[in-house]
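Side-chain atoms are counted along with the backbone in the values below, which use heavy atoms only and exclude waters and symmetry mates.
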Amino acid sequence: MSTETENRSKKTKKENPGNGNLLGRYILIAFFFFIWAVGVVYFLAKNSLVDSSKWVERENSMRKPKIVEPVRGDILARDGSILATNEICYDVAIHYRQIAKDSTFIANVPAFAEKMAEYFPERTKQEWMDTILAPFREPVKSKRRKFFALIKGMNHDTYQEFLKFPIIDCGYGKPFRYRCQTGISISSRYRRMYPCGNMARRSIGKVGQMDTTDLKKMGKGIECKDRLFGLYGLEEALDSLLYGTQGKKYPTAGTRGIQYWTNIEPINGYNVKSTIDITLQDLLDTSLLDELEVQERKPKNAIAMLMDVKTGDLLAVSNYDYKDGKYVEAMNYAFEARYDPGSLLKTLTLLIALEDGLVPSVNAMVPVTPIQGQSKSHFEKHVKAATASDIIKKSSNTGMIHMLFAPNSPYPSHPQQYLKRLEGIGLMEPINVGNRNAVSLGYPRRKMTEKDLAQMAYGYNLDFPPILMMSIYNAVANDGKFVRPRLYTELIGEDTIIKNDVSYIRDRICSEDHARQIREALRTVVQVGGTGVRMKDCVVPLAGKTGTAQVNKDGKYHNDIWRFSFCGFMPYENPQYTIFVMFNEVNIPANTISVGRSAGQVVLRMAEKMYARGYLGDSPMVAEAKEKGGLPKVFRSFDKSAYEAAENIAGVHYNKNGQDTLKRGVVPDVVAMGLKEAIRNLETCGYNVKAEGSGFVANQTPVAGTKSPLGTTVVLHLKQ
């Protein structure tokens, strides 16, 4: 019996060999659960008590909203044409480690590179292949370059074609079913575009990013580091209005992780309707550059402005610097610099003398004899006195001093009162142009002397920003009404329009009668015997004042560095436009050139071109405006690479010889030109221009060679 029981026990142990260790297993499992429970309690206490602030901070960072950028407003010309706008563009990159199948990708690269070379000719097909396939030469996949920026700033038209390229075109029967398998990503963004190129660039402005230091100065945080700010011009002056208001999107937990939903919609920026007239701006640019080109002694910089007399609207502003043998768009000297105006200031001296009763009228006799160490009367030696009008006509230094030093003048004994007089008529107030102040008038900060006052009478010791000097002449043309210069007229929002109405620095700078007398005196300047006699034969009757001044460099005036300027208005009988032109720092011996042979010629060119296009009359002049040598040849840039780019990008061709002569009444060939060049040639032939798109002229309507009536609108289709 015992033997049987023993055998049965052995059999049971053989069938269930683990029964002997069951308790040990239970103990081991219980131990692990105990350790896990201790860990849970430990980390629960640690995260809830010790590290609670850390996790709260992390939660807050995850819940932090993202900024939704508004669309920046457009800047429009006077007629509503676009001067600055936003264009959607696309950036393409290859993420090599995300490619689903290397062999499929590599096999399709040759066809892809062929298309790339066709649309992006900066590289050949082989160069595109070498660039794209370079990372695959790494023997270990993990060592490959992760990311390669393939294209930046692709325009929308090219993007539509790019979607049809091999590899990019995904779907059934294609190498890749989905774009994510190709490793190629496409992101969109807005970029600022200026359809008119450099035309009025300093007035319109430019946008760009700012560094951390500049952001701190502006009181902006690091979150603005990727934002585009206006850097100068209207883009800067109206930056906050053009930019709009940011929106916000907050994180929300979804089935596929955290998703962002826009809770606060952004408010897009205002569109700004500027006072710039595209046609007049182009005419002023070309008139200035044409004259600069023929000047033997090149000015260091040049300024030209055109203003509407009644409203103060700045219709055109040009600023150029001479660099590397050519003139390029420069800083806005018209608003941001100030100069000794020279004889331009004599008009202000006459104005104050009339207003203060120091001179009864422009026909009153005034001495021109030496005074206060100045002997330049600009009259013959035997002439001891002349009318105030003749003093302006001859630009007599001594005559101007005698006006301010008249027996009943309070200024010689109290020169400081003259500055208060200037302050009283508004000349000490900075002029606000486009929501930003131009530089203010510069004057002696020390106690003035009689000699200081004498120099002010004929154009020194006072530094004027050109825009302020122009405003004084505009007031004379405007019957004494001292209108404030204006660079924009409206801010156009989605549901509102904010008007920038005409305003005045002072209701009047002088009486209507005195303004009329001064205009009469300024008319004599461009007649026989006047300092601007070279402009007497202009088809438009001009009036204004020449200004010749020595340039102060390194604290002293130089006898061989000069500033030539002219400021006046047209037409004389009924002033509509005020014009200012300055050639600064012309290195030339004294008395070898005059304003009439430099800045005055720009005024002549501009007046005749405006008259030919109907700006100074009821209809355009049928006969050709008088231009030296008749109509010029077609203007084409010397930068042939620009037209080679036009051939590649826009698929158009240009006339490399550029010898076709412009004829009024015949539409010229402007295909492959930039907009500025195209407008110049079409306007010269008497046509109006309407542009569509951006970039180079791809085609034109009517076509070249068509005989069309003057004033016909030629439509240009631009492509880039």
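For the pair K556 (side chain) and K553 (backbone), a donor-acceptor distance under 3.5 Å is absent. Between the side chain of R338 and the backbone N or O of S440, at least one donor-acceptor pair lies under 3.5 Å. Looking at D282, its side chain never comes within 3.5 Å of a backbone N or O of T279 through a donor-acceptor pair. K393 contributes a side-chain N or O that, together with a main-chain N or O of V528, makes up a donor-acceptor pair within less than 3.5 Å. Looking at E355, its side chain does come within 3.5 Å of a backbone N or O of S511 through a donor-acceptor pair. Side-chain atoms of S274 come within 3.5 Å of backbone N or O of L76 as a donor-acceptor pair.
In the model, Q281 has a side-chain atom that pairs as donor or acceptor with a side-chain atom of S318 under 3.5 Å. Counted by atom type alone, S81 and D79 present one or more donor-acceptor pairs between their side chains at under 3.5 Å. N363 and T387 share no donor-acceptor pair across their side chains, judged by distance under 3.5 Å alone.
The side-chain heavy atoms of R78 and T489, taken from C-beta on, include no pair separated by under 4.5 Å. Contact of the T275 side chain with the Y488 side chain is not registered, since no non-hydrogen atoms from C-beta on lie closer than 4.5 Å. Taking 4.5 Å as the limit, some side-chain heavy atom of E429 sits within range of a side-chain heavy atom of R506. Within the 4.5 Å cutoff, the side chain of S413 has no heavy atoms near those of the E450 side chain. When side chains are defined from C-beta on, L306 does not count as touching Y615, because their heavy atoms never get closer than 4.5 Å. Counting only heavy atoms from C-beta outward, the side chains of Y458 and K346 approach each other to under 4.5 Å. The shortest side-chain heavy-atom distance between V272 and L242 falls under the 4.5 Å cut-off. I579 places none of its side-chain heavy atoms less than 4.5 Å from the side chain of M307.
The environment of CD in E573 is crowded: more than 12 heavy-atom neighbours from other residues, nucleotides or ligands sit within 6.0 Å. When the shell of 6.0 Å around CG of D507 is examined, it contains 12 or fewer heavy atoms from other residues, nucleotides or ligands. The neighbour count for H558 NE2, taken as heavy atoms of other residues, nucleotides or ligands under 6.0 Å away, is above 12. Counting non-hydrogen atoms of other residues, nucleotides and ligands closer than 6.0 Å to NZ of K310 gives a total above 12. For K206, the NZ atom counts as loosely surrounded, since its 6.0 Å shell holds 12 or fewer non-hydrogen atoms of other residues, nucleotides or ligands.
Rounding to the nearest 0.5 angstrom, the gap separating the NZ atom in K536 from the OG1 atom in T524 is 14.5 Å. Considering CZ of F229 and CG of D239, their distance stands at 6.5 Å, rounded to 0.5 Å. With rounding to the nearest 0.5 Å, the separation of CD in Q417 from CG in L422 is 12.0 Å. Remark: F464 CZ to L348 CG distance equals 5.5 Å, nearest 0.5 Å. Atom CD1 in I518 sits 8.0 Å away from atom CD1 in I392 (nearest 0.5 Å). Separating the OG1 atom in T398 from the CD1 atom in I391 is a distance of 7.0 Å, to the nearest 0.5 Å.
Among all heavy-atom pairs drawn from P571 and L616, the shortest one is CD-CD2, 3.8 Å. Residue Y333 comes nearest to P466 through the heavy atom pair O-CD, 3.6 Å, listed as atom of the first residue, atom of the second, then distance. Shortest non-hydrogen contact noted between V502 and V483 is CG1-CG2, 3.6 Å. Taking every heavy atom of both residues into account, G544 and F566 meet most closely at CA-CZ, 3.6 Å. Closest of all the heavy-atom pairs between P444 and L419 is O-CD1, 4.1 Å. For the pair Q295 and K298, the tightest heavy-atom approach, listed with the atom from each and the gap, is O-NZ, 3.0 Å.
We find that R486 and D501 are not joined by a salt bridge, their nearest charged nitrogen and carboxylate oxygen being 4.0 Å or further apart. In this structure, K481 does not pair ionically with E512, as no charged nitrogen and carboxylate oxygen lie closer than 4.0 Å. Residues E291 and R605 are paired through a salt bridge, judged by an N-O separation under 4.0 Å between the basic side chain and the carboxylate. Under the 4.0 Å criterion applied to side-chain N and carboxylate O atoms, R519 and D479 are assigned as salt-bridge partners. R297 and D560 are not joined by a salt bridge, as no carboxylate oxygen comes within less than 4.0 angstrom of a charged side-chain nitrogen. Electrostatic pairing of E490 and K499 counts as a salt bridge here, judged by a charged N lying under 4.0 Å from a carboxylate O. Using a cutoff of 4.0 Å between basic side-chain nitrogens and carboxylate oxygens, E520 and R516 are scored as salt-bridged.
Checked against the 6.0 Å centroid threshold, Y418 and Y411 count as a close aromatic pair. Taking the centre of each ring, Y327 and Y322 come in below the 6.0 Å mark. The aromatic ring centroids of Y460 and Y557 lie less than 6.0 Å from each other.
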TODO: Show the numbers, then the answer: is there a side-chain hydrogen bond (donor to acceptor under 3.5 Å, both in side chains) between H402 and S396?
DONE: CA-CA 10 Å; H402 276 290; S396 170; over 6 Å; no
